[in-house]
Each structure stands twice: as structure tokens, then as C-alpha cells.
Amino acid sequence: MLDDTHKLAIETINLGKQALIFVPSRASAEKTAEEISKLTTISLHDLEQEVLKVITFPTKQCRRLSHCVKKGIAFHHSGLTSPQKEILEREFRAGRIKIICCTPTLAAGLSLPVYRVIIKSLRRFSEKSGMDWIPVLEYLQMAGRAGRPEYEKLGEAIVITKTESEKEEIYSRYILGEPEDIYSKLAVEPVLRTYLLSLISSRIIRDEESMSKFFLQTFWAHQFQDLPRLTSIINRMLKLLSEWQFVTVSGDDNISNQDKNSLASSNGPDFVSASSLNKPLGMKVQPTAIGKRISELYLDPLTARHLLDCLNQLSNQNKDPETPENLTKPNNNSSQITSASDSFPLLQMISHTLEMRPLLRTKSKEQDSIQEELTKNYSILLEHEPNVYDLEYPEFIDSIKTALFFCGWINEIGEDYLLDKYDIRPGEIKVKLEIADWLLYSTEELAKLTIRREDINQIRKLRLRIKYGVKEELLPLLKLKGVGRIRARKMFNQGIKDLGDLKKVDPANLSQIVGRNVAAGIKKQIGDEVKEIPKGTRKGQLSLSKY
DNA sequence: GTATGCTGCGTTTAGACAGCATGTC
DNA sequence: CTAAACGCAGCATAC
């Protein structure tokens, strides 16, 4: 029951030192921390509370962390909120937290007073080969956390092995082994098309000459010395950008817009004709207005194309509500039951992008319920459902799940419930919301350029709801400074539903709901200068839990 | 009766960069 | 199909 990792951790504490324990999964980070925390005699009540209270409605993850932290132990992974991570780092530096069990989050960048690094396993799951050895580079990063010069004269890195033969293998592979070479990723398609558009937009690439000049100077060219291959990928990307009308190419027949309607030809095996490898001089490339904006927004052109296509569909749906698709649109009362809403199509649109990856994974148990939600909303989706046997189908289903999570968020579902229902942790929620905000902003910008005024409002509204995590009904109240989802909801439930209601409400009542200072601030903002709000008969604010 | 522990089985599996413009509880 | 380990349910054991 007491395994080597636990013993080492306790021994480190007894030495008066601190340790980092690297583990291969988030679940095991939490479990290891929890187990070790049961073995210490430390008691830090203030930290226990601080960690718990970073969210209005703490999740089970917050509770678990706070229990560990109380005993001077912590776990650290991408699922934590950044305030929590900051607390852990601060307290580890202060020497109150003794041990942090972490995934590779802490393997690079940070300098902490770590005397000992304990690596529980050098294997990690990989899609292609089950549990696989991690790169030597990563081992070095982890080991390098121990004995930082600012804190320690000496550091130890200890790798736990399960068998004698594994010990041999680890020794030769990691201790004696050379770190891997670094490879350029420039030729990876999403990367290349993004940078190609950016280079064209910033006018660094204008023609054949400036293009080869630039790419010849890249690390990719230096490393592979295989310009023909790079050229062929570049030409393929250029052709795509041109077909998507993000750039215009002139003076070269091979990459003209002539076949922009035949996407099939661009995917065919002969996408690079012999002549396009050897183009006549005089080819000129220019960004289109949209292309330039896409590049400023840092969107992958493929994503931009996807957003534009969906916007097109949205526009059509809004324009003529009599289209067959819209006849089946769930407009009747029964649709109230669906967890999704009008926003679902746009949320699914942003969920089904490379930028949103990794999407929320649909677990086998959820398959049916997600499918069900899909069929409920199928008719209003902005893109076509791929074939069930398509390789991309699972990703599509995951985009539905991700969209459902967003739907939950903008319907004021708490983070604790989202964790249970969608297996998404607070830290991950933050990240997803940021990406959603970025993509919705980008969508809005693209809509502006394609003159779809009427759709812009819809997008803007959704963006606000994502930002605050509220139902549409709270939006009027959120215009006020000092009012977020929590206070807005409190006021709304007390019958204060818009700025007009706020004018009418008695300052004393308002301060009972949101507190005196905030109430005064609100009244000031709507033009009612209140000299002094009488002190309420009851202290403090009404608790939200009552509603 | 109840807390604890063991076994077997099914299920899951790390992380993080972009735009924009500031202020939630 | 690859592999380890987590979580949970069901059940045995110790008190």
C-alpha cells in the first residue's frame, strides 16, 4: 500500500525539502497527491479555504485539491483554474506546500525550490502504440526541475521502475541516450497554409521570387534541403487559398481561379501538375480583403472557410424561413425541453474547428444521448452531417458534445455540474471559452466583410453570453460595471430585469441584493445620484443559494 | 452493523498558442 | 490491435 513514490515523498518532507512528482495522467496526479496527503501531519486551513473558494460553485476537483493542500500536498494539471495554479506555485515557493504531483504541466518554464524530482513512469499513452516511451527531451525537462540554482545547490531526479529489466532499459534509453533532434513543422499543412496567407497578407511574398527567397531561408529548407517537395506543398496551399478566394493569383494559369468550383480536383492525386512545379515567371499574388483579415485574426484558412460557409448557410436560413429545413425547425413548445437552443448551430460551428481541439470526447456511455441531441437539432445545423462510417464522424459527434457543453454554460449551468455531465474541468472550461470568444469575434469580423448585417447581432449576443455564461435575459443587466453573471442573476430573480426596473427599485432594496457599494455604483451608472443608501436592516447580501 | 480492503471489469489516457480590450465574485 | 492504471461495483473480511 505504501509504494516507493509515497516513501520518497515522505522522506523528502522529513529532510526538510520539497519534491515534484511527475505522473502520466491527470487521474493519477490527483490520486497520488491524495494518497500522500493522508500520510502527512501538516495542517493548512487557510489554504484549504483559499483553494476551494476560487469558484462560486466549487467542483469536486476543487474539493479534492483543497483536501490535499490542507495537508501540504497538491496536484497540478491543465484542469485547474489559473488562480489555483498561482496559489500552488506561490505556496510551494513559500515552502508550505511540500509536494506537487503533476502531469507535464510543470516540466518546463517554471523555477521552483525543488530538491527532488520523482518520475513515476516514463511511459505515456499514445494513440498508435499503447503505452509508449516519452521522448528523452521530456525526461530531461522533468529532471531539470530539480536543483534550480536560485534555490538549491543540488538536485535529485529519481525514476521509479517496476522491474529489473525495465531499469536497464531506462538506463540506456534515458541516462545514456541522446535527446531527439528537433524537426521543422513548417510543412505541416495547417501551419503552412496559415503562414503562407500571413506572408502574402503582409506583402512579404508577392511573387515567385519573393516566395522562394523566403522559404529558402527557413529552418525547414535548411534541414531537409528538399525544395521540390516544399514547393509542391506550397503550390497546393496556394491553390487552395486562391480557390477559397483569400488570395488572387495572376500571371500564372496553373493557379488561377479557373477551377475554383471543382474542389474535387484539388484533392485528387494529381493536385500538383508538372507544369505548376515549374511556373513561368511573372506570377503575382495578392491578398483579398477577406484573406488579409483572416490572417490578422490568426485563423487557419481552413477554419475561415468553414466559418464563411456556415455564415452563408445561416444567412440563407434567416432570409427565407420557409425553406424545407426550416419547416422542421423545432419551433414548437416541445423544443423547450431540448438542452440546446437557437445558439446551438453557431456553437457547433465553432466547436467543429481545428482551433477548438481537442474537443470534448464522447464516451461510449454517452453515444446514445449525444446522438439524440444531434437528431433534435439536426435540421438547424449549419453544416452537413458526415457519413456515419466516415473517419471524421467521431470528431463530428465530439463537436456536438462540445457544443452542448457551451449550451450548458450559456444557460447558467454551474461548473460543478458541467464537470459531472461533460467531464470538463474548470481550467479546461476557461480555455474553451477563450477560444470560443476568439472564434466568435472572428466570425463577427468575417460577417462584417461579407455584408450580413442582420446576422451580426446574433453573433454578438452569443459572444456576450459565452463571455459571461448567462441566459439571454440577463444581457441588459450586464451592461453595468460591477455586475456579472452572479449579481445579474440575483437581481433578475428579485424582479429587476432591466435598466428600467433598476430606476424604479428602491436603493435600500437593491443594496440588500448586491450590497451597498455595488448598489450605489449601479444607481450612479443609470443616472440616479444617490447621496447615501441607508444602512440595511440586515447585514450582508442575500444568499444566492436561496433561489 | 459498519468501516475497510480486495478483486475483477470496463473505461480512459499530457499540454497549450492565436484576436481584442478590460474588469467578475 | 497496442498497455497501464484508474474508478467503480460487488463482495469478503475485521472490528
Side-chain angles (χ1 to χ4, degrees), chain A residues 1 3 22-32 34-35 53-58 60 75-83 85 102-109 120-135 138 141-142 162 166 185 190-191 194-195 198 293-300 303-304 353-358 361-367 415 423 425 427-428 430-446 463 467-470 474 477-490 514-515 517-518 521 541 543-544:
Chain A
M1 112 137 251
D3 76 15
F22 285 99
V23 299
S25 76
R26 294 184 292 201
S28 102
E30 295 187 14
K31 193 181 165 228
T32 310
E34 196 169 55
E35 286 165 352
K53 283 185 187 159
V54 299
I55 307 181
T56 313
F57 303 107
K60 59 184 177 196
F75 55 85
H76 193 289
H77 56 62
S78 64
L80 305 190
T81 62
S82 33
K85 290 183 196 168
C102 60
T103 54
T105 20
L106 291 181
K120 212 175 175 183
S121 168
L122 284 167
R123 290 171 179 274
R124 194 183 304 132
F125 179 81
S126 88
E127 297 278 323
K128 50 173 189 253
S129 47
M131 297 306 280
D132 210 353
W133 294 109
I134 63 172
E138 259 196 66
Q141 285 285 15
M142 295 191 287
K162 284 180 264 321
E166 198 188 48
K185 288 200 164 54
V191 176
T194 303
Y195 285 101
S198 148
R293 194 71 188 107
I294 289 167
S295 144
E296 286 166 357
L297 292 164
Y298 217 92
L299 288 176
D300 180 341
T303 299
T353 59
L354 292 181
E355 284 82 349
M356 199 58 83
R357 280 186 182 173
R361 274 188 48 204
T362 306
K363 327 223 159 174
S364 34
K365 271 184 197 161
E366 302 171 311
Q367 282 293 344
E415 284 166 273
D423 192 31
R425 292 142 200 78
E428 300 170 291
K430 282 276 154 47
V431 173
K432 293 297 177 221
L433 292 178
E434 250 165 54
I435 299 171
D437 186 45
W438 163 38
L439 290 178
L440 285 172
Y441 173 77
S442 301
T443 306
E444 196 182 316
E445 291 298 295
L446 294 180
R463 200 176 150 220
K467 184 174 173 186
Y468 290 102
V470 293
L474 292 190
L477 295 171
L478 290 168
K479 290 182 185 137
L480 297 161
K481 276 187 191 170
V483 177
R485 63 189 312 216
I486 304 293
R487 287 170 181 158
R489 176 48 64 197
K490 277 186 179 175
V514 292
N517 289 335
V518 181
Q541 304 171 19
S543 151
L544 185 71

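We name chains A, B, ... by the order of the sequence lines, and we start the count at 1 in each one.
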A/L122 vs A/M142 side-chain heavy atoms within contact, under 4.5 Å: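 Counting from C-beta outward, A/L122 and A/M142 do come under 4.5 Å.
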
Tell me, do A/V470 and A/R489 make a side-chain contact under 4.5 Å, heavy atoms counted?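 When only atoms from C-beta onward are counted, A/R489 and A/V470 do not touch, as no gap falls below 4.5 Å.
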
Between [X] and [N], is there a contact of a side-chain N or O with OP1 or OP2 at under 4.0 Å?
{"X": "A/S78", "N": "B/dA14", "value": "no"}
{"X": "A/R357", "N": "B/dA16", "value": "no"}
{"X": "A/T103", "N": "B/dG15", "value": "yes"}
{"X": "A/Y298", "N": "B/dC17", "value": "no"}
{"X": "A/R293", "N": "B/dG19", "value": "no"}
{"X": "A/R124", "N": "B/dT13", "value": "no"}

In the strands shown, is [N] matched to any nucleotide by a Watson-Crick or G-U wobble pair with both distances under 3.5 Å, and which?
{"N": "B/dC17", "value": "none"}
{"N": "B/dT22", "value": "none"}
{"N": "C/dG10", "value": "B/dC6"}

Reckon [X] touches a base, only the sugar-phosphate, or nothing at all at heavy-atom distances under 4.0 Å?
{"X": "A/S364", "value": "sugar-phosphate"}
{"X": "A/P24", "value": "sugar-phosphate"}
{"X": "A/R361", "value": "base"}
{"X": "A/K128", "value": "base"}
{"X": "A/G130", "value": "base"}
{"X": "A/E138", "value": "base"}
{"X": "A/E296", "value": "sugar-phosphate"}
{"X": "A/S28", "value": "sugar-phosphate"}
{"X": "A/V431", "value": "nothing"}
{"X": "A/K162", "value": "sugar-phosphate"}
{"X": "A/K363", "value": "sugar-phosphate"}
{"X": "A/D437", "value": "base"}

What is the distance, to the nearest angstrom, from the [atom1] atom on [X] to the [atom2] atom on [N]?
{"X": "A/D300", "N": "B/dC17", "atom1": "CG", "atom2": "C1'", "answer": "13 Å"}
{"X": "A/R463", "N": "B/dC20", "atom1": "CZ", "atom2": "C1'", "answer": "7 Å"}
{"X": "A/D132", "N": "B/dA14", "atom1": "CG", "atom2": "C1'", "answer": "14 Å"}
{"X": "A/L477", "N": "B/dT24", "atom1": "CG", "atom2": "P", "answer": "13 Å"}
{"X": "A/E166", "N": "C/dA4", "atom1": "CD", "atom2": "C1'", "answer": "11 Å"}
{"X": "A/L299", "N": "B/dA18", "atom1": "CG", "atom2": "P", "answer": "14 Å"}
{"X": "A/E428", "N": "B/dT12", "atom1": "CD", "atom2": "C1'", "answer": "14 Å"}
{"X": "A/M356", "N": "B/dA16", "atom1": "CE", "atom2": "C1'", "answer": "14 Å"}

For the side chain of [X], counting heavy atoms from C-beta on, which of [options] is nearest?
{"X": "A/R485", "options": "B/dC25, B/dG15, B/dA18", "result": "B/dC25"}
{"X": "A/W438", "options": "B/dA18, B/dC25, B/dG23", "result": "B/dA18"}
{"X": "A/M131", "options": "B/dC20, C/dA4, B/dG23", "result": "C/dA4"}
{"X": "A/R487", "options": "B/dC25, B/dA14, B/dC20", "result": "B/dC25"}
{"X": "A/K31", "options": "B/dA16, C/dG7, B/dT24", "result": "C/dG7"}

Side-chain ion pair, A/E35 and A/K31, N-O less than 4.0 Å: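 Between A/K31 and A/E35 there is a salt bridge, with a charged N closer than 4.0 Å to a carboxylate O.
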
Between A/E366 and A/K363, is there a salt bridge with N-O shorter than 4.0 Å?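 Answer for the salt bridge query: no.
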
Examine distances only and state if a side-chain atom of A/T32 and a backbone atom of A/S28 form a donor-acceptor pair shorter than 3.5 Å. yes

More than 12 heavy atoms from other groups under 6.0 Å of NZ on A/K467: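 It does not: A/K467 NZ has 12 such atoms or fewer within range.
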
Distance, P atom - from C/dC6 to B/dA14, rounded to whole angstrom: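 B/dA14 and C/dC6 have their P atoms separated by 12 Å.
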
Taking the P atom of each, how far is C/dG7 from B/dG15, in whole Å?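 Each nucleotide's P atom is 15 Å from the other's.
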
Hey, which of A/R26, A/E415, A/K60 is the one that makes side chain to side chain contact (heavy atoms under 4.5 Å, CB included) with A/R425? A/R26

Closest-nucleotide mapping onto DNA chain B: is A/P104 or A/L480 further toward the 5' terminus? I mean the 5' end.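 Mapping each residue to its closest nucleotide by heavy atoms, the 5'-most match is A/P104.
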
A/V54 vs A/E355, nearer the 5' end of DNA chain B by closest nucleotide: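 Comparing both residues, the 5'-ward one is A/E355.
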
Answer yes if the side chains of A/S82 and A/K430 hold a donor-acceptor pair under 3.5 Å, and no otherwise.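 No, A/K430 and A/S82 have no side-chain donor paired with an acceptor closer than 3.5 Å.
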
Upstream residue (5' side of DNA chain C) when A/S129 and A/K120 are each assigned their closest nucleotide: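 Nearest nucleotide further toward 5': that of A/S129.
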
